[in-house]
Amino acid sequence: VMMEAHKMSGFCLGEPFQSYEPYDFKASRITSRISEHGSVFLRHRLTPPPEEVYTLHRKLAGAYNLCIKLGAVVSCRDLLDEVIEHFKPFRP
């Protein structure tokens with residue numbers, strides 16, 4: 001159950017980046033679909049996730065919720081491609 005919930009939650013989070021078509025955050029109902037999986041996490045988890053997971057979740061939730069409130073329609077895949085193109089791995 002947990003593996004399926006994690007998989008489906010990941011698919012929901014990645015949905016805006018699947019296509020080069022503009023993604024309509026407001027029409028997507030993405031937060032309600034992700035919340036469905038969150039209830040499974042709370043019922044079946046053995047230990048709380050690491051703090052880094054909470055931090056990432058808050059950042060993603062904030063960005064997605066802002067896009068929803070603004071009624072944003074964004075070509076997310078184009079933005080992702082640009083980030084990947086200019087990404088420079090950290091080398092200590």
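Quick note: residue numbers are just sequence positions, from 1.
Summarising the geometry of P22 relative to S75, their closest heavy-atom pair is CG-OG, 3.8 Å, with the distance given to 0.1 Å. The two residues S28 and E15 have their closest heavy-atom pair at CB-OE2, 4.3 Å. I30 and C12 get closest at one heavy-atom pair: CD1-O, 3.0 Å. Heavy-atom minimum distance, F11 versus Q18: O-NE2, 4.4 Å.
F87 and L80 are not part of a single hydrophobic cluster, where members link through side-chain heavy atoms under 4.5 Å apart. Residue L79 is grouped with residue Y23 when hydrophobic side chains (ILVMFWY) are merged at heavy-atom distances under 4.5 angstrom, including chains of intermediate members. Under the 4.5 Å side-chain contact rule for hydrophobic residues, V73 and L70 do not share a cluster. Side-chain heavy atoms closer than 4.5 Å link hydrophobic residues (I, L, V, M, F, W, Y) into clusters, and following such links, even through other members, never connects F41 to M8.
Rounded to the nearest 0.5 Å, atoms CD (E51) and CG (L56) are 12.5 Å apart. We find the CZ-CG distance between R33 and L13 to be 10.0 Å, quoted to the nearest 0.5 Å. In this structure, the separation between CG on L60 and CG on N65 is 10.5 Å, given to the nearest 0.5 Å. The NE2 atom of H44 sits 12.5 Å away from the CD atom of E4 when rounded to the nearest 0.5 Å. Atom CG in D24 sits 10.5 Å away from atom SG in C67 (nearest 0.5 Å). Atom OG of residue S19 and atom CG of residue D78 lie 9.5 Å apart, to the nearest 0.5 angstrom.
Distance alone, capped at 3.5 Å, is enough to place a donor-acceptor pair between the H6 side chain and the M2 backbone.
Classification of the Y64-F25 ring pair by plane angle, with boundaries at 30° and 60°, yields perpendicular.
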